[in-house]
Amino acid sequence: MRNLHRAFLACSRPEPWKRGPVLTLLALLLGLLLLLHATITDFAGLGSLVENVLPWFGLFIPVLLATAVWRRSLSAVTALLLPAVVWTSLFGGLLHDKSHPGGDLTVAAHNVGAANPDPTATARSLAASDADLLALEELTPQAAPLYEKTLAKTYPYHAIRGTVGLWSKLPLSGTRTIDIMNYGPLAATKSAAAKLPENRALHTTVTTPHGPLGVYVAHLGSVRLLPRTGFWTTSRDIGAAALSRAITTERNPRVLLLADLNGTLNDRTFTDLRTHLNSTQRTSGDGFGFTWPTAFPVARIDQILYRGLTAHHSWTLPATGSDHLPVAARLSW
């Protein structure tokens, strides 16, 4: 009781509340950034860039707290409640394991990397995942035949359209390309044959014992951090809009999107996708499930999104020769 009384007296004095005005301001600004990130201007891609690294702003909270305690600044400690509460509301749900038993469909997706030095080893590693559906992105003309040959025994059905492909233990039908790269007045002048080699998205229907399943495989355009123009996302954003339009008009009630989005789901670019699809990692994963870069993953840009299904478990697979980690999920009807 005596120590509690001393602490109360210390807090009632004006000095601890006057200390650390800069720390207090920084804490409030951090809280407002987390709370109002969607209102940050996207000039030079600033808003998109902030949202792609948004979870990492939480690291400033313990740093500021330690400094506030060292400075004995009660105002700063109190101000830190704002970013702590907002960060927890945004990302706290990802920190515990939401997986549960069950699921009769296992799917996996992987950007195998155009510079992958050993596509055959990558294919063998992915086949060992026992996925029923396996989506690959960034296939090259040289590597695609190696994946076809290595995966043939495990997956009797497959479809490749340009740089993306789907391997399946279940029959596929109606496979078609989804043009997410060509835009503007010149797009209409390109023939389908001219577009195919660089195609980065496809749609197919998987025949299952429970009925048809619409599956999209996509690799959105790359983003660049450029000295003069900032965070360049034009190609990716146009592709995201085209992909969203296709999924919005999809008549199949059961849909999967297996994709390298080149951005996290916190990015405002994917608002429409978040509206129409759920993330397996958010509903059945454990942690953030970061996938890129392999050496030290800092963002989950590889996604398994769904609707009309129930997700039971979501996880990352072991590293391959790619700079992305593969992702997998188990779902049921």
Side-chain angles (χ1 to χ4, degrees), residues 27-40 47-65 77-103 105-109 240 244 247 254-293 296-317 324-333:
L28 292 174
L29 289 175
L30 178 60
L32 291 174
L33 182 147
L34 291 168
L35 182 65
L36 305 174
H37 64 87
T39 65
I40 296 174
S48 181
L49 179 60
V50 167
E51 287 169 340
N52 276 283
V53 297
L54 199 61
W56 293 96
F57 282 97
L59 293 178
F60 289 107
I61 297 174
V63 173
L64 290 173
L65 178 61
V77 171
T78 303
L80 279 168
L81 288 173
L82 175 62
V85 169
V86 176
W87 191 94
T88 301
S89 68
L90 289 173
F91 305 113
L94 293 170
L95 301 181
H96 67 278
D97 188 357
K98 297 171 290 301
S99 63
H100 52 279
L105 179 71
T106 301
V107 301
S244 296
I247 291 174
R254 299 185 179 110
V255 174
L256 275 175
L257 170 61
L258 311 170
D260 171 5
L261 297 180
N262 267 313
T264 73
L265 285 183
N266 297 314
D267 194 311
R268 62 193 65 187
T269 299
F270 305 116
T271 300
D272 284 345
L273 285 179
R274 292 196 305 267
T275 300
H276 295 96
L277 300 174
N278 298 308
S279 161
T280 58
Q281 187 65 23
R282 288 183 179 273
T283 58
S284 63
D286 181 10
F288 289 94
F290 293 147
T291 63
W292 179 88
F296 185 79
V298 298
R300 184 179 177 88
I301 64 176
D302 302 276
Q303 302 287 347
I304 299 176
L305 307 180
Y306 69 98
R307 80 173 184 219
L309 301 164
T310 299
H312 292 261
H313 189 199
S314 181
W315 68 99
T316 57
L317 294 170
H324 293 242
L325 290 176
V327 292
R330 191 170 60 249
L331 306 102
S332 66
W333 307 91

- Item | Sole candidate of L258, L277, L257, N278 that passes side chain to side chain contact (heavy atoms under 4.5 Å, CB included) when paired with I304 | L258

- Message: Quick check: closest heavy atoms across D260 and N262, and the distance to 0.1 Å?
- Response: OD1-N, 3.0 Å

- Query: If you count the non-hydrogen atoms of other residues, nucleotides and ligands that lie under 6.0 Å from CZ in F91, is the total more than 12?
  - Reply: yes

- Message: Could you walk me through whether R268 and I40 satisfy the side chain to side chain contact (heavy atoms under 4.5 Å, CB included) test, starting with their C-alpha distance in whole Å, then the side-chain angles of each, then the deciding distance to 0.1 Å, before giving a yes or no?
- Response: CA-CA 10 Å; R268 62 193 65 187; I40 296 174; 4.1 Å; yes

- E51 side chain vs L265 backbone, donor-acceptor pair below 3.5 Å: no

- Message: For a quick test of reading the model, state the closest non-hydrogen atom pair linking A240 to T269 and the distance between them.
- Response: CB-CG2, 3.6 Å

- Rounded to the nearest 0.5 Å, what's the gap from CG on L309 to OG on S332? Could you check? 7.5 Å

- Message: Would the distance check show the side chain of H312 and the main-chain N or O of P101 forming a donor-acceptor pair, the cut-off being under 3.5 Å?
- Response: yes

- Message: For the CH2 atom on W315, are there more than 12 heavy atoms of other groups (residues, nucleotides or ligands in this structure) within a distance under 6.0 Å?
- Response: yes

- Message: Nearest 0.5 Å, please: how far is CG in L28 from CG in L80?
- Response: 8.5 Å

- Message: Counting C-beta onward and ignoring hydrogens, is there a side-chain heavy-atom pair between P55 and N266 closer than 4.5 Å?
- Response: yes

- Note on the structure: When rounded to the nearest 0.5 Å, the distance separating NE2 of H313 from CD of Q281 is 8.5 Å

- Trace of the side chain to side chain contact (heavy atoms under 4.5 Å, CB included) decision for I247 with R307: CA-CA 10 Å; I247 291 174; R307 80 173 184 219; 4.1 Å; yes

- Note on the structure: Tightest non-hydrogen contact, residues S279 and Y306, listed as C-CE2, 3.8 Å

- Query: How about V86 and L30: do any of their side-chain heavy atoms sit closer than 4.5 Å?
  - Reply: no

- Message: I'd like to know if the side chain of R274 and the backbone of D267 have a donor-acceptor N/O pair within less than 3.5 Å.
- Response: yes

- Which residue pairs satisfy the side-chain hydrogen bond (donor to acceptor under 3.5 Å, both in side chains) criterion with at least one member in residues 86-97, sequence neighbours excluded? D97-S99

- Could you walk me through whether V327 and T280 pass the side chain to side chain contact (heavy atoms under 4.5 Å, CB included) check? CA-CA 10 Å; V327 292; T280 58; over 6 Å; no

- Item | Backbone N/O of G102 and side chain of R330: donor-acceptor pair under 3.5 Å | yes

- Note on the structure: CZ (F57) and CG (L34) are apart, to the nearest 0.5 Å, by 7.5 Å

- R254 backbone acceptor or donor facing W333 side chain under 3.5 Å: no

- Query: Which heavy-atom pair separates P297 from L325 by the least distance, and what is that distance?
  - Reply: CG-CD1, 3.9 Å

- Message: Give me the atom names and distance for the closest heavy-atom approach of I301 to T291.
- Response: N-OG1, 3.3 Å

- From Q303 CD over to L273 CG, what is the distance, rounded to the nearest 0.5 angstrom? 9.5 Å

- Query: If every non-hydrogen atom of W56 is compared with every non-hydrogen atom of V298, which pair is closest and at what distance?
  - Reply: NE1-O, 2.8 Å

- Query: In Å, rounded to the nearest 0.5 Å, how long is the span from CG of D302 to OG1 of T264?
  - Reply: 11.5 Å

